[in-house]
Amino acid sequence: MTLKPRHSALARRWLTGLLLAAGSSALLAQAPPAPGASPRIDAIRKAGELRVGVLQNAPWLNENTTGNGAAWDGPAWLLATEYARLLGVKLRPVAVSHETKVPVLAANQVDMTISPLGETPERLKVVDFVIYSKTSVCMFGRAGNDKLAKINSVDDLNSPDITIAYFTGGAEENWVKERFPKAKLRAVASSGATAPVEEIMAKRADAAPINRVPWVNLNQKVKGLVVYPKDNNCQDSQEKASPVGLAIDKNQPAYLDWLRQVEKTMQATLTADEKRIVENMK
């Protein structure tokens with residue numbers, strides 16, 4: 001149906017109003033809580049700085065040690081930078097370790113830990129998360145393997161005809177045993193590699209697990225591989241998925257709600273930045 005000129009003008013005004021309203025809603029969602037609503041935000045404003053715990057964990061947070069450009073990079077840093085901008089304060093990185101990145105929150109040594117943390121039941125007891133990504137597992141094999149010719153999904157690998165290799169004591173060992181009870185399993189000692197590639201190329205196994213992040217680099221270095229799930233180079237895999245995000249101390253509802261609202265407005269930007277880093281990792 002073709003709109004008459006008057007109706008078209010009304011439609012344009014209606015659409016413009018809708019877009020303006022949506023834009024206003026987005027701005028309101030990003031606006032920090034008013035003074036008195038969040039003791040943490042009040043303290044950050046008073047100090048004039050947002051203290052963030054940092055420890056490299058690619059692709060979410062990378063340290064630039066070249067001396068050229070910004071000291072930190074990645075989705076976690078982008079998000080923290082936006083928080084500081086909206087609060088009108090400076091962003092101050094505070095070095096933490098694997099042992100201290102969670103305890104520093106309760107000790108009030110930082111306002112948030114942006115060193116990427118996996119969300120676990122144990123951590124949820126002491127901190128709250130702002131989730132912006134995830135880790136997950138891909139299954140890969142040799143493209144010329146006849147056994148994989150009819151394999152279209154991870155579920156199809158759960159077959160007595162398929163041999164799956166995994167590192168003994170590796171992060172995927174228990175998951176492989178639960179996920180593929182019908183397949184033949186081949187445990188191998190870790191070689192220091194990210195996945196048992198040798199087992200695949202030597203034809204001793206048909207498939208093996210690998211984290212979705214190093215898979216991209218492996219696929220660039222080793223030609224003739226196939227991955228499951230296939231879509232988006234396995235970057236959207238939900239296999240053994242675990243949420244990843246930044247953390248703050250418990251019992252700060254207004255602060256947490258605002259942090260999560262801002263993250264939602266930046267999700268597409270954060271995802272794109274993560275993809276950039278993953279594709280350039282060596």
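When only modelled atom types and interatomic distance are considered, Ser38 and Trp258 share no side-chain donor-acceptor pair under 3.5 Å.
Considering CG of Leu246 and CD of Glu263, their distance stands at 8.5 Å, rounded to 0.5 Å. Between atom CG of residue Leu50 and atom CE of residue Met112 there is a gap of 4.5 Å, rounded to the nearest 0.5 Å.
Scanning all heavy atoms of the two residues, the minimum distance from Asp206 to Asp161 falls at OD2-O, 3.6 Å. Closest approach of Ala165 to Pro196, counting heavy atoms only: O-CG, 3.9 Å. In this structure, Ile200 and Ala208 approach most closely via the heavy-atom pair CD1-N, 3.9 Å. Between Pro75 and Tyr132, the shortest heavy-atom contact is CB-CE1, 4.3 Å.
In this structure a side-chain-to-backbone donor-acceptor pair under 3.5 Å is present from Tyr255 to Asp111. In this structure, Gln56 contributes its side chain and Glu63 its backbone to a donor-acceptor pair below 3.5 Å. At distances below 3.5 Å, at least one donor-acceptor pair connects side-chain atoms of Thr66 with backbone N or O atoms of Asn68. Side-chain N or O atoms of Arg142 include none that pairs as donor or acceptor with a backbone N or O of Leu148 at under 3.5 Å. Asn211 contributes a side-chain N or O that, together with a main-chain N or O of Val213, makes up a donor-acceptor pair within less than 3.5 Å. Remark: the backbone N or O of Asp236 is not paired with any side-chain donor or acceptor of Arg212 at under 3.5 angstrom. Remark: side-chain polar atoms of Asn219 are not paired, donor with acceptor, to backbone N or O of Trp215 under 3.5 angstrom. Using a distance-only test at 3.5 Å, with no hydrogens or angles considered, a donor-acceptor pair links the side chain of Lys223 to the main chain of Gln220. For Ser237 (side chain) and Val137 (main-chain N/O), a donor-acceptor pair under 3.5 Å exists by modelled atom type. Put simply, the side chain of Asp257 never gets that close to the backbone of Ala254: no donor and acceptor are under 3.5 Å apart.
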**OP:** Evaluate the side chain to side chain donor-acceptor pair (under 3.5 Å) criterion for residues Asn64 and Asp73: first the C-alpha distance (whole Å), next the side-chain angles of each, then the deciding distance (0.1 Å), finally the verdict.
**Re:** CA-CA 7 Å; Asn64 178 7; Asp73 185 23; over 6 Å; no
**OP:** Go through Gln261 and Thr265 one step at a time and tell me if the side chain to side chain donor-acceptor pair (under 3.5 Å) criterion holds.
**Re:** CA-CA 7 Å; Gln261 288 168 6; Thr265 67; over 6 Å; no
Original post:
Taking it one step at a time, do Leu157 and Ile151 satisfy side-chain contact (heavy atoms from CB on, under 4.5 Å)?
Top reply: CA-CA 7 Å; Leu157 294 171; Ile151 300 295; 3.8 Å; yes
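The neighbour count for Lys230 NZ, taken as heavy atoms of other residues, nucleotides or ligands under 6.0 Å away, is above 12. Atom NZ of Lys250 has more than 12 heavy atoms from other residues, nucleotides or ligands within 6.0 Å.
Using a 4.5 Å cut-off on side-chain heavy atoms (C-beta onward), Asp273 and Trp77 make no contact. Proximity of Glu119 to Leu124: side-chain heavy atoms (C-beta onward) are separated by under 4.5 Å at one or more points.
Each of Lys240, Arg179, Glu239, Glu172 was checked for a side-chain contact (heavy atoms from CB on, under 4.5 Å) with Pro209, and the lone residue meeting it is Glu172.
Salt bridge annotation for Arg186-Glu198: absent, with no cationic side-chain nitrogen under 4.0 angstrom from a carboxylate oxygen. Between Lys177 and Glu173 there is a salt bridge, since a side-chain N of the basic residue sits under 4.0 Å from a carboxylate O of the acidic one. Remark: Arg260 does not engage Asp128 in a salt bridge, criterion side-chain N to carboxylate O under 4.0 Å.
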